[in-house]
2 protein chains.
Amino acid sequence: MFEPSTLKDIAKALGLSTSTVSRALRDTHEISSRTKQLVMDYAKKINYRPNPNALSLKERRSKSIGVLVSEVANHYFSQAINGIESIAYDKGYHVIITQTHESYDREKINTEYLSSRSVDGLLISLSAETDDVAHLKYLHDKGLPMVFFDRVAEEIDTHQIVANNEKGAFEATSHLIETGYRKIAHLTSSAHLSISKERLSGYSRALAQHNIPINEDYIKHCPHGGMFHEEVETAIQELLDMKDKPDAIFVAGDRLSIGCLMVFKKLNIKVPEDMAIAGFSNSDVLDLMSPSLTSIRQPAFEIGQIATEMLINLIESRYPVTEFEKKVLDTSLFIRNT
Amino acid sequence: MFEPSTLKDIAKALGLSTSTVSRALRDTHEISSRTKQLVMDYAKKINYRPNPNALSLKERRSKSIGVLVSEVANHYFSQAINGIESIAYDKGYHVIITQTHESYDREKINTEYLSSRSVDGLLISLSAETDDVAHLKYLHDKGLPMVFFDRVAEEIDTHQIVANNEKGAFEATSHLIETGYRKIAHLTSSAHLSISKERLSGYSRALAQHNIPINEDYIKHCPHGGMFHEEVETAIQELLDMKDKPDAIFVAGDRLSIGCLMVFKKLNIKVPEDMAIAGFSNSDVLDLMSPSLTSIRQPAFEIGQIATEMLINLIESRYPVTEFEKKVLDTSLFIRNT
DNA sequence: TATATTTGTGCAATCGTTCCCGACATACCG
DNA sequence: CGGTATGTCGGGAACGATTGCACAAATATA
């Protein structure tokens, strides 16, 4: 039905050969300016676009990069995606976004998919469930460029770009302590995730610095990153059922903050009177909460931009890159009503 | 660097021709089961994937569909995208998501991009700024299948799938009236958008049914759909500056609701004491607001699913389709704290 | 045994583009 | 006037996969 025009069409119409037309459009020096003009005018007239599939086949690259995130509804990721697109479009790359919904299986399927779509590189933030990165290591070993952001895999030797999770967690926890809370719980994502480890470490350091012993029972992991409402509800319930129950929670992510607030609302627990909250979040909507919760904001847009620049550098590098960089960006703490 | 294996590689390794290998993998009856097994085993071993560019070039289709939405951070759209992907993946199609950020220029650029990427079809929700759909009509006339959802273009004769905006708006406005409000303003997106018209119509009908005269000054349009904070702020300020200022607002969208609440928070206006709000929203986060606002929820996931089914039917139809359908799905009203 | 039929495989064209190579002109120099 | 530059252009192979056609070998039929 929909037949775009080709070089051959132009060549036939103008009585030239396809090679001449191709060269004219690429502005090669060996074509007379008269012919060039002729071809270019006609191409513009019929709105000629080179077939990207033919190009990809010939050039052996697709000028597109694949993105693996947990979900676009998460404001951290939607902002990161905006950063990714801003750079990618500039450099002539297309962006293919896939969502894992924190599922390891989906991550594998999406990885398969993207590599079969012959993307030139991958931007990856691991899913909460992912513990084994063999599927990515395989592709990396075969030479597919990839850059990790946010949730990184240490086993794979490549660029990483993350927020300073340890420091952000430290600041948020310190803030809770300085506001007067002592019994601070920590609700976080699955234990093997890099961000979970780093945030837990910042939380622990803040407690230690104030000589507050760490209560292991105060630390609750959600293996699916809060994608299942029950896991959040169970974790919160367990905290509330403790005889020495916490008076504040440091929450490690957006999805978890929302889940947490939902549970509190359901149980009619008031924030911050009954339970104070501070947490990682890039959602402007959460700021509307009254009283708003103190939040650590990550430079998501910038992280997306830098990751994309690094990836495109890898892709376009003429020789294999062996020196990799780990870039850490500072977070900012927004203190609200606490 | 990254060289995927090809049919030729398999053929060479097994001492066969590429055609035999191709046929063996496609499980044609004219290949001996012994050869088939041999080829399939080896293909699996080296993890062979057919080159999608070569396939697209040959088949003259890419098995991918393009999506045009305003932004993925909007929960309505992220849910719709989940619906789209659920169907598309099932039927072997890939989804390329592009964001317009409510900008007409970006919509044009993205449309260009998608058509040049030779997608097999388009799923479109118009941007707030878009008044002229010539760029889409051009492609539609050339035979590119497209389906509109949410914000539709009446000028283009194809399938449409939308929520019952008129009824939803009627119910929300009626609810405000029945709760006791009489001076109900309406904050909405740009005037030419289909959803704006329909929601305005429902709003008007509710007022008329309760014999409340329509005050044109109560109706505020945001030409950029609330993407610029100032347009929302100005609109709200104008409402507040009126001598007979409204006591309630019916808001036509998610982004606008958020913008609206931000302005109220800044001006220290309490909801619903100083100003009641009811509006279209698919955000679960807004539900956390205390007191929550009454919201009209659209079946976004389902809308995405149906739109995708319709599009794939168009794409795979053997003969040109001339009969088009307009599907209207009911919204649901969530009454909260008012 | 000779011919017809089935079965298994290879050749080559095709999709749209780029690019190496060679074919012409025209121009210039000795 | 013969030979070398130079400037323009066309022919054809290649990228990876599919597929109609041809053709060989194996089997069935007369």
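In what follows, chains are A, B, ... by sequence order, proteins preceding strands, each numbered from 1.
- If you check every strand for non-hydrogen atoms under 4.0 Å, B:Arg61 touches nothing.
- Taking atom CG of A:Leu57 as the reference point, atom C1' of C:dG16 lies 9 Å away to the nearest angstrom.
- Within the 4.0 angstrom heavy-atom criterion, only backbone atoms of the sugar-phosphate kind lie near A:Thr6; the bases stay farther away.
- Contact annotation for B:Leu7: base contact, defined as any heavy-atom pair under 4.0 Å involving a base atom.
- In terms of position along DNA chain C, the nucleotide closest to B:Ala54 lies nearer the 5' end than the nucleotide closest to the other residue of the pair A:Thr20 and B:Ala54.
- Put simply, NE2 on A:His29 is 13 Å from C1' on D:dC9, counting in whole angstrom units.
- Here the side chain of A:Asp120 pairs a donor or acceptor atom with the backbone of A:Lys63 at under 3.5 angstrom.
- Between A:Ile10 atom CD1 and C:dT18 atom P the separation is 11 Å, expressed in whole Å.
- Within 4.0 Å of B:Arg34, counting heavy atoms only, lies no atom of the nucleic acid at all.
- The listed nucleotides are D:dG16, D:dA17, C:dT9; the one nearest the side chain of B:Ile31 is C:dT9.
- For the pair A:Leu16 CG and C:dT18 C1', the interatomic distance rounds to 17 Å; values are reported in whole Å.
- In the set C:dT17, C:dG10, D:dA17, C:dG10 carries the atom at the smallest distance from any side-chain atom of B:Ser17.
- B:Asp41 and B:Gln37 form a side-chain donor-acceptor contact under 3.5 Å, judged by distance and modelled atom types alone.
- Nucleotide C:dT18 holds its C1' atom 13 Å from the CG atom of A:Asn51, rounded to whole Å.
- Here the P atom of nucleotide C:dT18 and the CG atom of A:Asn53 are 14 Å apart, to the nearest Å.
- Separating the CG atom of A:Leu25 from the P atom of C:dT17 is a distance of 9 Å, rounded to the nearest angstrom.
- Listed for the A:His159 side chain is a donor-acceptor partner under 3.5 Å among the backbone atoms of A:Glu325.
- Among the heavy atoms of the strands lying under 4.0 Å from B:Ser32 are primed sugar atoms or P, OP1, OP2 only; no base atom is included.
- Comparing D:dC15, C:dT18, C:dC21 by their closest approach to the side chain of A:Arg23 singles out C:dC21.
- Looking only at distances, no side-chain donor or acceptor of B:Asn110 sits under 3.5 Å from a matching main-chain atom of B:Glu107.
- More than 12 heavy-atom neighbours from other residues, nucleotides or ligands sit within 6.0 angstrom of NZ on B:Lys326.
- Listed nucleotides: C:dT18, C:dG16, D:dT18. Nearest to the side chain of B:Thr18: D:dT18.
- The nearest whole Å value for the distance from the CD atom in B:Glu30 to the P atom in D:dC23 is 17 Å.
- Side-chain proximity of A:Lys58 to the nucleotides C:dC15, C:dT18, C:dT9 is greatest for C:dT18.
- At the heavy-atom level, A:Ser19 lies under 4.0 Å from base atoms of the strands shown.
- Within the 4.0 angstrom heavy-atom criterion, no nucleotide atom of any strand lies near A:Ser56.
- Nearest nucleotide to the side chain of B:Ser22, out of D:dT18, D:dC9, C:dC15: D:dT18.
- When the side-chain nitrogen and oxygen atoms of B:Lys8 are compared with OP1 and OP2 of D:dC15, one or more of them lie within a distance under 4.0 Å.
- Within 6.0 Å of atom NZ in A:Lys108, 12 or fewer heavy atoms from other residues, nucleotides or ligands are found, so the atom counts as exposed in its surroundings.
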